[in-house]
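Notes to accompany the following structure.
If you're wondering where the values come from, they're calculated on a predicted model, not measured in any experiment.
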Amino acid sequence: MKAIESRPHVVAERVVELLEDQDIEPAEARVLVVGASYKPGVRDTRESPAVRIMRSLARDGITVAYHDPLVRSLEAGDGLAVLSVARPRPSDYDIAVLVTLHDGSDYSWLGKFEHVLDCTYRTPLGAQRSLI
């Protein structure tokens, strides 16, 4: 159980490592989190690991946005409102972090991202794909 609870923190740390590997400072970084809901196929964001990841990244000074076809708006807590992006442009982000993927949604646009951190282990997309 402790490993599951700490996973969002581990993901956020991995994102920072990958950004550092690209010589990108957190204050200059732009990260897109893909999937904000708690699990695939639902709109519920309560206890969502994606929200915890976004909150942690924002605390590090990273600019964070998210894409989730089921979640139109999101309050990440601590007064942090995160921008929802309907049609992400890969050139706007340094890395995409895949957290929750919904069946029936088109994620082919992820193939145009230079770097993807895949926490779902469900997609081979991205020029450089990393796993947790």
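Considering NE2 of His67 and OH of Tyr93, their distance stands at 10.5 Å, rounded to 0.5 Å. For the atom pair CZ of Arg7 and CD1 of Ile53, the computed distance is 8.0 Å after rounding to the nearest 0.5 Å. Of the inter-residue distances, the one linking Leu98 atom CG with Leu117 atom CG reads 7.5 Å to the nearest 0.5 angstrom. For the atom pair CD of Glu17 and CG of Asp21, the computed distance is 7.5 Å after rounding to the nearest 0.5 Å. Distance CG/Leu110 to CG/Leu101: 7.5 Å, rounded to 0.5 Å.
The backbone N or O of Val34 lies less than 3.5 Å from no partner atom in the side chain of Tyr107, so there is not a single donor-acceptor pair. For Ser48 (side chain) and Ala36 (main-chain N/O), a donor-acceptor pair under 3.5 Å exists by modelled atom type.
Under the side-chain hydrogen bond (donor to acceptor under 3.5 Å, both in side chains) criterion, Arg87 pairs with no residue, sequence neighbours left out.
When all heavy atoms of Tyr38 and Pro49 are compared, the pair lying nearest together is O-CD, 4.2 Å. When all heavy atoms of Gly35 and Ala50 are compared, the pair lying nearest together is O-CB, 3.1 Å. Closest heavy-atom contact between Lys39 and His102: O-CE1, 3.9 Å.
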Check: residues 23-30 side-chain donor-acceptor pairs under 3.5 Å, at least two apart:
{"unit_1": "Arg30", "atom_1": "NE", "unit_2": "Asp92", "atom_2": "O", "d": "3.4"}
{"unit_1": "Arg30", "atom_1": "NH1", "unit_2": "Asp92", "atom_2": "O", "d": "3.0"}
{"unit_1": "Arg30", "atom_1": "NH2", "unit_2": "Asp94", "atom_2": "OD1", "d": "3.2"}

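If you chain together hydrophobic residues whose side chains sit under 4.5 Å apart, Leu70 and Val51 never meet in one group.
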